[in-house]
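We name chains A, B, ... by the order of the sequence lines, and we start the count at 1 in each one.
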Amino acid sequence: DTEVTQTPKHLVMGMTNKKSLKCEQHMGHRAMYWYKQKAKKPPELMFVYSYEKLSINESVPSRFSPECPNSSLLNLHLHALQPEDSALYLCASSQRGFGTMNTGELFFGEGSRLTVL
Amino acid sequence: ILNVEQSPQSLHVQEGDSTNFTCSFPSSNFYALHWYRWETAKSPEALFVMTLNGDEKKKGRISATLNTKEGYSYLYIKGSQPEDSATYLCAFATSSNAGGTSYGKLTFGQGTILTVHP
């Protein structure tokens, strides 16, 4: 299984809603990532988990709350989002832990397209 | 803030044409350069991870070269096919923690959108 699975594929939410994005991989990868991509812009790193611990938070607003319940799962909890948070949210994983001599490729999911009304 | 620039932004070619595009990145504190292919409605897929100056990698009709001293990488596609139509992203990883970045963190370019017409 070489897949990273993201659910849901599409999500529409109001500014007062609470929702979650989920990401799953069963490749035994030790690092997992959340990226945000807005139209015609490069993917921007939000969070990195390495060995189930938060390694990087790229000064992301607290209305985005990541969670790594185990080595295979990564969640992104969403609360009180703004319309400008509408974007494609990509999850990725890599074999080795982040910050080690890790030149390994990222394995991406297909993304969750989020629309905030 | 690291700058990773890709050119051109978009490219239209005919089936059978060969094409190439460029990724420019900072020439200092180089760690790795990644290339990804991203087809519409699919997930980005790694093509190459390059770490050594002068490195040249090949996968089928696609190849890439790396010049870390001058800070650029070229991606070549020989005999383009319609199925090569995709966005090609490069991403640079620095070996330095300077400038607020983190060792090994990837900074992506904006991508080159390739359309191959039958």
Q: A quick test of your reading: do over 12 heavy atoms of other residues, nucleotides or ligands sit less than 6.0 Å from CD of B:Glu15?
A: yes
Q: Compare every heavy atom of B:Pro44 with every heavy atom of A:Gly109, then report the nearest pair and how far apart it is.
A: O-CD, 3.8 Å
Q: For the atom pair CG (A:Leu106) and CZ (B:Phe108), what is the distance rounded to the nearest 0.5 Å?
A: 5.5 Å
Q: Please check if the number of heavy atoms outside A:Lys9 that lie under 6.0 Å from its NZ is greater than 12.
A: no
Q: So which heavy atom on A:Pro42 is nearest to which on B:Gly109, and how close?
A: CB-O, 3.1 Å
Q: Against chain B, label A:Gln6 side chain, backbone, both or neither, depending on which of its atoms sit under 4.5 Å from a heavy atom there.
A: neither
Q: Please look at B:Ala41 and chain A and tell me whether the side chain, the backbone, both or neither of the residue comes under 4.5 angstrom of a heavy atom of that chain.
A: backbone
Q: A:Leu45 versus chain B, heavy atoms under 4.5 Å apart: side chain, backbone, both or neither?
A: side chain
Q: Heavy-atom count check: over 12 atoms from other residues, nucleotides or ligands less than 6.0 Å from A:Lys19 NZ?
A: no
Q: Looking only at non-hydrogen atoms, find the nearest pair between A:Glu110 and B:Lys42 and report the distance.
A: CG-C, 4.0 Å
Q: Nearest heavy-atom pair of B:Ser43 and A:Phe108: which atoms, and what distance?
A: CB-O, 3.3 Å
Q: Assigning hydrophobic clusters by single linkage (Ile, Leu, Val, Met, Phe, Trp, Tyr; side-chain heavy-atom cutoff under 4.5 Å), is B:Phe48 placed with B:Leu33?
A: yes
Q: State plainly whether one hydrophobic cluster holds both B:Ile113 and B:Val116, where clusters connect Ile, Leu, Val, Met, Phe, Trp and Tyr through side-chain heavy atoms under 4.5 angstrom apart.
A: no
Q: Kindly work out whether a path of hydrophobic side-chain contacts (I/L/V/M/F/W/Y, heavy atoms less than 4.5 Å apart) joins A:Leu11 to A:Leu76.
A: yes
Q: Assigning hydrophobic clusters by single linkage (Ile, Leu, Val, Met, Phe, Trp, Tyr; side-chain heavy-atom cutoff under 4.5 Å), is A:Val48 placed with A:Tyr35?
A: yes
Q: Hydrophobic clusters here meaning ILVMFWY residues chained together by side-chain heavy-atom distances under 4.5 Å, can you tell me if A:Trp34 and A:Leu88 are in one?
A: no
Q: So, taking the atom named CD in A:Glu58 and the one named NZ in B:Lys105, what distance separates them when rounded to the nearest 0.5 Å?
A: 3.5 Å
Q: Contact part of B:Tyr36 toward chain A, heavy-atom cut-off under 4.5 Å: side chain, backbone, both or neither?
A: side chain
Q: Which heavy atom of A:Lys40 sits nearest a heavy atom of B:Gln110, and at what distance?
A: O-NE2, 2.6 Å
Q: Give a yes or no on whether the backbone of B:Val49 and the side-chain of A:Glu105 come within a donor-acceptor separation of less than 3.5 Å.
A: no
